Protein chains: 4
Amino acid sequence: MTKSKPDGDNVVPAARQLASYIQRVENVEAEIKAHADDRKEIYSEAKGNGFDTRTIREIVKRRKLGREKTEERDALLAVYETNLDSILD
Amino acid sequence: MTKSKPDGDNVVPAARQLASYIQRVENVEAEIKAHADDRKEIYSEAKGNGFDTRTIREIVKRRKLGREKTEERDALLAVYETNLDSILD
Amino acid sequence: MTKSKPDGDNVVPAARQLASYIQRVENVEAEIKAHADDRKEIYSEAKGNGFDTRTIREIVKRRKLGREKTEERDALLAVYETNLDSILD
Amino acid sequence: MTKSKPDGDNVVPAARQLASYIQRVENVEAEIKAHADDRKEIYSEAKGNGFDTRTIREIVKRRKLGREKTEERDALLAVYETNLDSILD
DNA sequence: GGCTTGGAATAGCTTC
DNA sequence: GAAGCTATTCCAAGCC
């Protein structure tokens, strides 16, 4: 036997550490949820004022991606669609 | 004509309002991302200390669901699996 | 007691039915997986021939949505972005 | 100029190839959708006969994972939850 | 081999 | 309350 100390010295600290991780995760998830609720409210308010939330979401995405990449993707899409126009549909 | 005011009095305010929504969404998304990064770090730290993050995630989920519902689901799963044991595999 | 028949007359048939559902689901999921693998191969081949798979995926989505709705969405996005141009960034 | 041939000799074949990929993808996606609908119907039928579809889905997942891994995960979850019992809640 | 993108599934919200 | 849509989460695979 390599140790004479009771399990409590190993297991319990590990359990406490595990509990700590779980509570920390639960705390940050509570924050995330609060902000997600805020966002939902913003969209709800925008919708109430006649804006299309889908389009707003898309704009937010495009801005996050960056103007340059967004334009590249738009351009490539246009090329592909132009080429297809004479063939499909 | 019901209005003599130029469009600017309508369109521009709408544009400003749209811009405001977008910025508010971007602000809360920045907060969400910060907290999500925190959570990722907690899991990373837990993993570094030998914990299984998948299991921790599952526990977090089960706690969020509540003890009662969790136990109900466990019980039902056990029933179904017991019944299947004599038939499948 | 409302019934003198052994449980087997109720439980076992239910268990058999449950097993049947599970196997039917597993069968269709095998089919789905096979086709999903096919799709992956097609994209892989397209990529090997120099096509951008992200753009192809987007085109597939747009075609699924339908030309009309796609154009509506594009148009609304353009309006929103034009209005924002003078305000944000 | 390295080539005297008209663009058509390059662009159009590429366009045709692109169109071919798109149609092949659309074909396999139609198959996938058909099978996904089948699966939905199976679950719907199971539900109509009193089964809990969430539990059936879980069983299908567990069987896909394999008995061994499933039992390992269950065991680890039990260990973690036992250790937490004395600390959290 | 890890990390980041992409796909699938689940769950929640919205709409009818 | 059912059904579609959206968003998030989870998992796998491909890239670095």
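Here is the naming used below: chain letters follow the sequence lines, and residue numbers restart at 1 for every chain. As the structure is a computational prediction, the values presented were derived from the model and not from experiment.
Exactly one of D/Arg39, D/Arg57, D/Lys61 qualifies for a salt bridge (charged side-chain N to carboxylate O under 4.0 Å, His left out) with C/Glu29. That residue is D/Arg39.
Looking only at side-chain heavy atoms (C-beta outward), B/Arg63 and D/Leu88 come within less than 4.5 Å of each other. You'll find the side chain of D/Lys64 stays beyond 4.5 Å of the side chain of D/Ile59, heavy atoms only.
The interatomic distance linking A/Leu65 (CG) with E/dT5 (P) rounds to 11 Å, in whole Å. Here F/dA7 presents its P atom at 14 Å from CD1 of A/Ile42, a figure rounded to the nearest Å.
Checked by atom type, the side-chain pair A/Asn49/B/Tyr21 shows a donor-acceptor distance below 3.5 Å.
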Once each nucleotide of nucleotides 9-16 of chain E is scored for protein heavy atoms under 4.0 Å, what B/S/- sequence comes out, 5' to 3'? SSS-SSS-
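We find the OG-CD1 distance between C/Ser44 and C/Ile42 to be 10.5 Å, quoted to the nearest 0.5 Å.
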